[in-house]
J.: 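Sending over a structure as structure tokens; questions will come in a sec.
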Amino acid sequence: MALAGAARIVVVNRSARRGQELATLLNDRTPTQAQFALWDQPFAVPQDTDIVIHATSVGLYPDVHAMPAIDTGSLRPHMVVADGIHNPPLTRLLQAAQRQGCRTVDGLGMLVQQGVIGIKYWTGVDVDPEVMRQALLDLHL
């Protein structure tokens, strides 16, 4: 996100050392202003947030009923909420975000784009990401 032009990033992590290391790296090597917030209780998303990205394994199959410790009441309709979990695509976090009126992005897109890049790298063939996404959806994960 920093390389894509995000002006401000809040790194929320359960490990103070790792979270601060990432915030420092972002500050040292990108134009973004990064800060660290310890994730030791349900995290209330600041109201001026535009994009929320969940990047833990919480909610990944087989623990599909797990929910990351995010105060979903703090989500607002202007926010985009992305979850890196691809199985199931519609996680409990994304369901809660949709109920709050947020736009959501599931983890299938990331998985598909990794596949597109991998196939191109190994075979030189350009594949259609929509066909790959539909094939994943047809699996009914």
J.: Give a yes or no on whether I53 and V11 share a hydrophobic cluster (residues Ile, Leu, Val, Met, Phe, Trp, Tyr; joining criterion: side-chain heavy atoms under 4.5 Å apart).
T.: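 Yes.
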J.: Going by the rule side chain to side chain contact (heavy atoms under 4.5 Å, CB included), which residues pair with Q95 if we only count those two or more places apart in sequence or in a different chain?
T.: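 With neighbours one apart ignored, the set is L90, R99.
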J.: I'd like to know whether CD of E21 has more than 12 heavy-atom contacts from other residues, nucleotides or ligands below 6.0 angstrom.
T.: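 Yes, the 6.0 Å shell around CD holds more than 12 heavy atoms from other groups.
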J.: Mind checking whether V125 and V131 sit in one hydrophobic cluster, side chains of I, L, V, M, F, W, Y counted as touching below 4.5 Å?
T.: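 Cluster IDs for V125 and V131 differ.
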J.: Specify the closest pair of heavy atoms between I85 and L60, including all atoms of both residues, with the distance to one decimal.
T.: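 Smallest heavy-atom distance, with atoms named: CD1-CB, 3.7 Å.
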J.: What pair of heavy atoms forms the shortest contact from A2 to T32, and how long is it?
T.: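 Taking A2 first and T32 second, the nearest heavy atoms are CB-CG2, 3.6 Å.
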J.: Minimum heavy-atom separation for R92 to V64, with atom names?
T.: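 Heavy atoms only, the tightest pair is CG-O, 4.0 Å.
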J.: Under 4.5 Å between side-chain heavy atoms, hopping through other hydrophobics if needed: is there a path connecting V12 to M1?
T.: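 Shared cluster, no.
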J.: Please determine whether residues L108 and V81 belong to a single hydrophobic cluster, defined as Ile, Leu, Val, Met, Phe, Trp and Tyr linked transitively by side-chain heavy-atom distances below 4.5 Å.
T.: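 Different clusters: L108 never reaches V81 through Ile, Leu, Val, Met, Phe, Trp or Tyr contacts under 4.5 Å.
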J.: Kindly indicate whether the side chain of T56, heavy atoms from C-beta on, has any atom under 4.5 Å from the side chain of R14.
T.: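 A side-chain contact exists here, since the closest heavy-atom pair is under 4.5 Å.
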J.: Under a 4.5 Å cut-off applied to non-hydrogen side-chain atoms, are F36 and N13 in contact?
T.: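 Yes. Closest side-chain heavy atoms under 4.5 Å.
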J.: If you compare all heavy atoms of Q47 against all heavy atoms of M79, which two are closest, and at what distance to 0.1 Å?
T.: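 Scanning both residues, the minimum pair turns out to be O-CE, 4.1 Å.
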J.: Hey, could you give me the CD/CG distance between Q98 and L93, rounded to the nearest 0.5 Å?
T.: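 Answer rounded to 0.5 Å: 10.0 Å.
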J.: State, yes or no, whether a side-chain contact exists between W39 and I70 at a heavy-atom distance under 4.5 Å.
T.: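 When only atoms from C-beta onward are counted, I70 and W39 do touch, with a gap below 4.5 Å.
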J.: With a 4.5 Å cut-off on side-chain heavy atoms, are H54 and V52 touching?
T.: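 No, their side chains stay 4.5 Å or more apart.
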J.: Side chains of D106 and T91: does their closest heavy-atom pair fall under 4.5 Å?
T.: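 D106 does not reach T91 side chain to side chain.
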J.: With a 4.5 Å cut-off on side-chain heavy-atom distances among I, L, V, M, F, W and Y, is there a chain of contacts connecting L139 to V116?
T.: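 Result: yes, single cluster for both.
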J.: Could you grab the distance from atom OG1 of T24 to atom CD of Q35, nearest 0.5 Å is fine?
T.: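 Reported value, rounded in 0.5 Å steps: 12.0 Å.
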J.: Going from CD on Q134 to CG on D138, what distance comes out if it is rounded to the nearest 0.5 angstrom?
T.: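 Nearest 0.5 Å value for the CD-CG distance: 4.5 Å.
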J.: Distance from I9 atom CD1 to T30 atom OG1, nearest 0.5 Å?
T.: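 These two atoms lie 6.5 Å from each other.
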J.: Using a 4.5 Å cut-off on heavy atoms from C-beta on, say whether the side chain of I119 contacts that of M132.
T.: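 Yes. Closest side-chain heavy atoms under 4.5 Å.
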J.: For A96 and M67, work out which heavy atoms get closest and say how close.
T.: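 Shortest heavy-atom separation between A96 and M67 comes out as CB-CE, 4.0 Å.
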J.: If every non-hydrogen atom of P129 is compared with every non-hydrogen atom of V127, which pair is closest and at what distance?
T.: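 Between these two residues, the closest heavy atoms are CD-O, 3.2 Å.
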J.: Not counting sequence neighbours, which residues clear side chain to side chain contact (heavy atoms under 4.5 Å, CB included) with P46? List them please.
T.: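 Only F43, D48, T49 meet the side chain to side chain contact (heavy atoms under 4.5 Å, CB included) criterion with P46.
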J.: Distance from L26 atom CG to Q33 atom CD, nearest 0.5 Å?
T.: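 So the gap between those two atoms works out to 12.0 Å.
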